[in-house]
Structures are given as structure tokens and as C-alpha cells.
Amino acid sequence: MVGAVAAAAGYATAIPASQMPYELARAYWYEWYVNTAHGEKAYREDRKRLCQYLWESWSPPWPNRDAEFEETTASLDNADWPEVSIHAYRQRWHDAKGAPEHEEIERHLAEPPVISVPTIMLQGADDRDNLPFTSEHKERYFSGGYERRLLPGIGHFVPREAPQAFADAILEVSR
């Protein structure tokens, strides 16, 4: 690999809940919502409405947002979607066990490895899920270089909202 482009989610963001800024905890409400009976029911039975709310709240409007959301809704209509989503969020916050066959990998990744290739991080300045500060001050994790680009007017879905900036970053790290 000659380089990497990351978007939306900053690297090494596993902040213990007890140390998390309340602003970020508020942004992650949906991850904890699954631990309530109402939240689990929403993930299982009202996922389209839930996900549409998340799309609308994580990003400012972009052209054709609603049409693009409608195109993705078929992916929500499978039995795995609620199971995988619920388990992933519960495991992230240590409210569910991971797969035993992955325990060694989980232990290894508990301390984020240093990335040795040049990396460009594209962060939406208006991302209301992975708040922009989650990608700040990450240089120590990137021995090949780390450049963070904050994109004004862009929310959580960087490749969809800023496809040219995303493509340009890929071309830049591949040179």
C-alpha cells in the first residue's frame, strides 16, 4: 500500500465512556439507545425511520440526499442488519462479548498500531456523528505522515457529499 485516505471517523477514537466529552456522548446516543428495549425495537422494527433520522441529523442536506437514502433502504431489509448493528454497538461499549475467535485480534488492536503510509484524513466540518475534533491531533499514530483536511459544509458522508475531494485525495496518496 502506498497511502491511505480516511473519511469521517478519526483514528484511535476509543475514548472510555467515563472520559468522553458530553458533546460526543450526545452524538453517539444511537449507539447506547440499542441497550434499551425501545432502542432494540427501533433497530429491529423501525430501522428505515431510525436510519433516515440519522442521515438527516449527521449531515447537512446535500443534493439528492433523500433520493440516495431511498436507494439504500433495500440494504436495511435483511435479517442481519439489526443483529449486526445492535451487536456492534453493544460490543463497542463492552455491553456484549465479541466472537471468541477474534479475542487475540481485539487485544492486539486495543493499542492502535502506527500507520506507516502517508494518510489524508477527510473530516466533514459539519459532521454531527463523528464530531470533527475526533480526527484532531492524531499525528503520533502515522509514521508516514498525517494530513487532516476539514471540509466546510460537509457532514458525515464524505464520499457522497464531497466526491471530488475524496477522489482527489485518493489520487494524491497514490502518486
Peer 1: Determine, using the 4.5 Å side-chain heavy-atom cutoff (strictly less than), whether M1 and L171 are members of one ILVMFWY cluster.
Peer 2: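 They do not share one cluster, since no chain of ILVMFWY contacts under 4.5 Å joins M1 to L171.
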Peer 1: Between the main-chain N or O of G10 and the side-chain N or O of K138, is there a donor-acceptor pair closer than 3.5 Å?
Peer 2: no
Peer 1: Just verifying a value: how many Å separate F166 CZ and L151 CG, rounded to the nearest 0.5 Å?
Peer 2: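 It comes to 11.0 Å.
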Peer 1: To the closest 0.5 Å, what do you measure between OG1 (T119) and CZ (F142)?
Peer 2: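 If we round to the nearest 0.5 Å, T119:OG1 and F142:CZ are 5.0 Å apart.
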Peer 1: One thing to verify: whether R149 and E172 come together as a salt bridge, which I'm taking to mean a side-chain N less than 4.0 angstrom from a carboxylate O.
Peer 2: yes
Peer 1: What heavy-atom pair brings A4 and V173 nearest, and what distance separates the two atoms?
Peer 2: O-CG1, 3.8 Å
Peer 1: Using modelled atom types and a 3.5 Å cut-off, is there a donor and acceptor pairing between side-chain atoms of H87 and backbone atoms of K97?
Peer 2: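 A pair under 3.5 Å: yes.
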Peer 1: How close do I120 and A169 get, heavy atom to heavy atom, and via which atoms?
Peer 2: CD1-O, 3.9 Å
Peer 1: Decide whether W58 and V34 are clustered together by the hydrophobic rule: side chain heavy atoms of Ile, Leu, Val, Met, Phe, Trp, Tyr closer than 4.5 Å, transitively.
Peer 2: yes
Peer 1: Just do the side-chain contact (heavy atoms from CB on, under 4.5 Å) check on H156 and N130 with the steps written out, would you?
Peer 2: CA-CA 7 Å; H156 183 65; N130 290 307; 3.1 Å; yes
Peer 1: NE2/H108 to CD/E104 distance, rounded to the nearest 0.5 angstrom?
Peer 2: 8.5 Å
Peer 1: Regarding Q164 and D168, do their side chains bring together a donor and an acceptor under 3.5 Å, going by distance alone?
Peer 2: yes
Peer 1: Can you tell me if S59 and E161 form a side-chain donor-acceptor pair at under 3.5 Å?
Peer 2: yes
Peer 1: My understanding is that only residues two or more places apart in sequence, or in another chain, count here; which of them pass side chain to side chain donor-acceptor pair (under 3.5 Å) with E70?
Peer 2: K48
Peer 1: Which distance, rounded to the nearest 0.5 Å, do you find between the CZ of R44 and the CG of L50?
Peer 2: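 If we round to the nearest 0.5 Å, R44:CZ and L50:CG are 13.0 Å apart.
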Peer 1: Within 45° of the axis and under 6.0 Å from the centre of the six-membered ring of Y28, does NZ or CZ of R92 qualify?
Peer 2: yes
Peer 1: Is a side-chain N or O of Q123 found less than 3.5 angstrom from the main chain of A8, in a donor-acceptor match?
Peer 2: yes
Peer 1: When you group the ILVMFWY residues by side-chain heavy-atom contacts below 4.5 Å and let the links chain together, are W93 and L24 in the same group?
Peer 2: yes
Peer 1: Could you state the interatomic distance from CG (L76) to CZ (R49), rounded to the nearest 0.5 Å?
Peer 2: 14.0 Å
Peer 1: If every non-hydrogen atom of A125 is compared with every non-hydrogen atom of P152, which pair is closest and at what distance?
Peer 2: CB-CA, 3.8 Å
Peer 1: Taking only Lys NZ, Arg NE, NH1 and NH2, and the carboxylate oxygens of Asp or Glu, determine whether R90 and E40 approach each other closer than 4.0 Å.
Peer 2: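 The answer is yes: the pair qualifies as a salt bridge.
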Peer 1: With a 4.5 Å cut-off on side-chain heavy-atom distances among I, L, V, M, F, W and Y, is there a chain of contacts connecting V84 to Y43?
Peer 2: no
Peer 1: Please tell me whether F157 and W55 form a close aromatic pair, meaning their ring centres lie under 6.0 Å apart.
Peer 2: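 Centroid distance F157-W55: below 6.0 Å, so yes.
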Peer 1: Before you tell me yes or no, could you show the steps for E106 and Q91 under side-chain contact (heavy atoms from CB on, under 4.5 Å), namely the whole-Å CA-CA distance, both residues' side-chain angles and the distance that decides it to 0.1 Å?
Peer 2: CA-CA 11 Å; E106 292 283 345; Q91 183 186 359; 3.5 Å; yes
Peer 1: Taking 4.0 angstrom as the limit, do E68 and R65 come out as a salt bridge?
Peer 2: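 No.
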Peer 1: Going through the checks in order, is the side-chain contact (heavy atoms from CB on, under 4.5 Å) test met by D66 and F69?
Peer 2: CA-CA 5 Å; D66 294 336; F69 177 77; 5.5 Å; no
Peer 1: Which heavy atom of P21 sits nearest to which heavy atom of I15, and what is that distance?
Peer 2: CD-CD1, 4.5 Å
Peer 1: Whether the side chain of S57 engages the backbone of L54 through a donor-acceptor N/O pair (distance < 3.5 Å, no angle test) should be reported.
Peer 2: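 At least one qualifying donor-acceptor pair exists.
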Peer 1: A quick test of your reading: do over 12 heavy atoms of other residues, nucleotides or ligands sit less than 6.0 Å from OH of Y53?
Peer 2: no
Peer 1: Is L150 reachable from L131 through a run of I, L, V, M, F, W or Y residues, each pair having side-chain heavy atoms under 4.5 Å apart?
Peer 2: no
Peer 1: Please examine the side chains of V5 and L122, heavy atoms only from C-beta on, and report whether any two atoms are closer than 4.5 Å.
Peer 2: yes
Peer 1: Output all residues satisfying side chain to side chain donor-acceptor pair (under 3.5 Å) with R148, sequence neighbours left out; order by chain, then residue number.
Peer 2: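 Here the qualifying residues are S135.
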Peer 1: Taking all non-hydrogen atoms of both residues, which atom of S143 and which atom of S116 are closest, and how far apart?
Peer 2: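 S143 and S116 have their closest heavy atoms at OG-CA, 3.3 Å.
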Peer 1: Measuring from F133:CZ to D127:CG, what's the distance to the nearest 0.5 Å?
Peer 2: 11.0 Å
Peer 1: Parallel, tilted or perpendicular, judged at 30° and 60°: which one describes the rings of Y141 and Y11?
Peer 2: perpendicular
Peer 1: Using distance alone, with no hydrogens and no angle criterion, decide if D129 and Y30 have a side-chain donor and acceptor under 3.5 Å apart.
Peer 2: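 There is such a pair between these side chains.
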Peer 1: Keeping the roles fixed (side chain from S85, backbone from E83), state whether a donor-acceptor pair exists under 3.5 Å.
Peer 2: no
Peer 1: State whether the number of non-hydrogen atoms from other residues, nucleotides or ligands found under 6.0 Å of R107 atom CZ is greater than 12.
Peer 2: yes
Peer 1: Looking only at non-hydrogen atoms, find the nearest pair between G155 and V158 and report the distance.
Peer 2: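 Residues G155 and V158, closest heavy atoms: O-CG2, 3.9 Å.
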